[in-house]
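Each remark here refers to the structure printed beneath this line.
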There are 2 protein chains.
Amino acid sequence: MAGRAGDGVDKRRLILDAAIRVFARKGFHHCRVSDVADEAGVAYGLVYHYFDSKEEILNRLFLERWQLMLDAIVEIDSRREVSARDKLYAVASFIIDSYRHEPELMKVIIVEVTRAANTFGRLHLAKIREAYELIARIVDDARRDGSFKSDISGQFAAMCFYGAIEQLLSAWIFELVPHTEEEFERAKSLVVEAICGGLESEPARGLSTISG
Amino acid sequence: MAGRAGDGVDKRRLILDAAIRVFARKGFHHCRVSDVADEAGVAYGLVYHYFDSKEEILNRLFLERWQLMLDAIVEIDSRREVSARDKLYAVASFIIDSYRHEPELMKVIIVEVTRAANTFGRLHLAKIREAYELIARIVDDARRDGSFKSDISGQFAAMCFYGAIEQLLSAWIFELVPHTEEEFERAKSLVVEAICGGLESEPARGLSTISG
DNA sequence: GTGCCTGTTGACTGACCAGTCGATCAGAGT
DNA sequence: ACTCTGATCGACTGGTCAGTCAACAGGCAC
């Protein structure tokens with residue numbers, strides 16, 4: 001519980017949620033702290049009771065969600081008897097579903113943090129790098145067991161994979177591409193197929209039954 | 001020629017070049033117009049003699065360079081008897097070489113425009129979309145002649161391809177990865193190999209001698 | 001009741017900065 | 001010589017906004 005009024009409302013959370021909506025709508029740089037306070041229905045000063053600065057709000061939003069993703073990737077990687085391709089599919093699913101369920105939050109994270117990492121402290125870069133490394137680990141395991149090519153490093157592969165997904169989300173965010181439920185599901189398969197299987201046709205890949 | 005002093009210096013260009021350095025160093029939002037004027041060694045007011053606003057400077061920088069890239073892609077696509085893979089290699093080369101030769105300008109374009117397209121007018125989105133479409137066209141031709149898979153649309157493939165390259169440049173920009181001459185050359189091949197050939201091993205692809 | 005602590009309020013301040021404007025300067029044309 | 005035009009200058013203005021602060025409210029301990 002927090003707050004005196006016994007209304008059972010966590011004002012801190014209220015402010016964070018309002019910030020998601022405001023940052024998504026107007027952009028972090030183009031909105032005022034008063035916009036966030038108004039959206040949350042609290043006094044201007046209360047924002048500074050809970051947060052040190054406007055930027056700290058953004059940091060919290062990012063770290064909160066990014067950590068969820070890092071945890072998810074670790075869990076996915078720990079699954080036994082699962083192919084690298086299926087692990088990458090699970091990672092892509094997690095990210096795409098995050099966007100599907102909380103498009104405003106993901107928009108803020110991608111547009112204001114991930115894709116603007118220079119304007120902020122190096123704090124975020126370390127976290128972003130962590131994601132790369134976890135994905136790279138999945139690929140490196142597959143390189144070791146021979147299912148993935150050994151001449152493309154895990155790090156490089158992670159960049160391509162994450163880059164493709166981020167571009168996909170950006171296309172949705174900037175409305176370059178429609179937001180339909182089928183699109184989300186199709187995109188999961190397609191991105192994995194494009195990155196793992198490649199764009200080129202596979203002329204007579206012998207006996208292996210890949211994707212039907 | 002421009003300017004009264006007969007010094008033969010184009011002040012407009014001087015301001016644009018100074019803006020590249022300042023925007024790259026401090027970020028568009030975190031620098032003052034006076035920083036640009038100082039860097040260029042001209043009076044504050046002169047900036048407004050040549051440009052309507054701070055934002056117009058950024059727009060010019062972006063449009064100038066982006067058009068060069070669009071023209072290059074059109075030229076590459078027009079080459080006859082060249083495989084889609086080789087065309088994509090040429091596109092990747094153009095972009096990576098742009099970064100190699102003008103890292104500050106590319107940093108500004110990627111960080112302040114491409115990756116921040118929502119904060120600006122829709123003007124840029126249209127140009128960005130144009131690039132996607134040109135790349136998509138290369139892929140669609142290859143799908144028609146059977147060299148690329150038909151189940152991944154040109155549009156989708158273009159997103160993956162461009163996304164991977166942008167991520168690559170971002171990694172250089174944010175110094176997540178070293179800037180060596182060999183890295184640039186390797187990256188060209190690797191990105192094309194990853195996207196066209198895929199990450200997975202090709203078990204016995206007949207006669208082709210890939211990576212020895 | 002008294003004192004204290006946390007939550008809450010919103011008016012205010014101080015800094016910052018994009019963009020303006022009137023002045024000055026130098027060459028071209030007549 | 002005179003004026004017109006465009007380049008060049010930089011002090012100044014007007015507005016914006018992040019962050020501060022002094023005050024107030026209600027619960028809790030004693």
Would you list the protein and nucleotides 13-15 of chain C atom pairs, both N or O, that sit under 3.5 Å from each other?
none

Checklist entry - Should Y50(B) be listed as having a side-chain N or O under 4.0 Å from OP1 or OP2 of dG6(D)? => result no
Next on the checklist: Show every side-chain hydrogen bond (donor to acceptor under 3.5 Å, both in side chains) that has at least one partner inside residues 68-77 of chain A, sequence neighbours left out.
Outcome noted: Q67(A)-D71(A), E75(A)-R79(A), D77(A)-K87(A)
Item to check | Atom-pair distance (CZ on R12(A); P on dT6(C)), nearest Å | outcome: 15 Å
Checklist entry - Looking across every strand, which nucleic acid part, if any, lies under 4.0 Å from V47(B) by heavy atom: base, sugar-phosphate, or nothing? => result nothing
Which pairs, protein N/O on one side and nucleotides 18-21 of chain C N/O on the other, fall under 3.5 Å?
| unit_1 | atom_1 | unit_2 | atom_2 | d |
| --- | --- | --- | --- | --- |
| dA18(C) | OP1 | C31(B) | O | 3.4 |
| dA18(C) | OP1 | K54(B) | NZ | 3.3 |
| dA18(C) | OP2 | V33(B) | N | 2.9 |
| dA18(C) | N7 | Y44(B) | OH | 3.3 |
| dG19(C) | OP2 | Y48(B) | OH | 3.0 |
| dG19(C) | OP2 | K54(B) | N | 3.1 |
| dG19(C) | N7 | Y44(B) | OH | 2.5 |

Next on the checklist: Going by the rule salt bridge (Lys or Arg N to Asp or Glu O under 4.0 Å), which residues pair with E104(A) if we only count those two or more places apart in sequence or in a different chain?
Outcome noted: none
Checklist entry - So does K11(A) get a side-chain nitrogen or oxygen closer than 4.0 Å to the phosphate oxygens (OP1/OP2) of dT8(C)? => result yes
Next on the checklist: In this structure, how many angstroms lie between the P atom of dG26(D) and the CG atom of L46(A), rounded?
Outcome noted: 16 Å
Checklist entry - Within 45° of the six-membered ring axis of Y50(A) and under 6.0 Å from that ring's centre, is NZ or CZ of K11(A) located there? => result no
Checklist entry - Under 4.0 Å: is that the gap between some side-chain N or O of H49(A) and OP1 or OP2 of dT8(C)? => result no
Next on the checklist: Applying salt bridge (Lys or Arg N to Asp or Glu O under 4.0 Å), can you list everything that pairs with R144(B), at least two apart in sequence or on another chain?
Outcome noted: D141(B)
Checklist outcome for this item: Sorted by chain and residue number, the ring pair (Phe, Tyr, Trp, His ring centres under 6.0 Å) partners of Y89(B) (sequence neighbours excluded) come out as none
Item to check | Partners passing salt bridge (Lys or Arg N to Asp or Glu O under 4.0 Å) against R143(B) (at least two apart in sequence or in another chain) | outcome: D140(B)
Next on the checklist: With ring pair (Phe, Tyr, Trp, His ring centres under 6.0 Å) as the rule and sequence neighbours excluded, what pairs involving residues 57-77 of chain A come up?
Outcome noted: F62(A)-W66(A), F62(A)-H124(A)
Checklist outcome for this item: By salt bridge (Lys or Arg N to Asp or Glu O under 4.0 Å), E133(A) pairs with (sequence neighbours left out) none
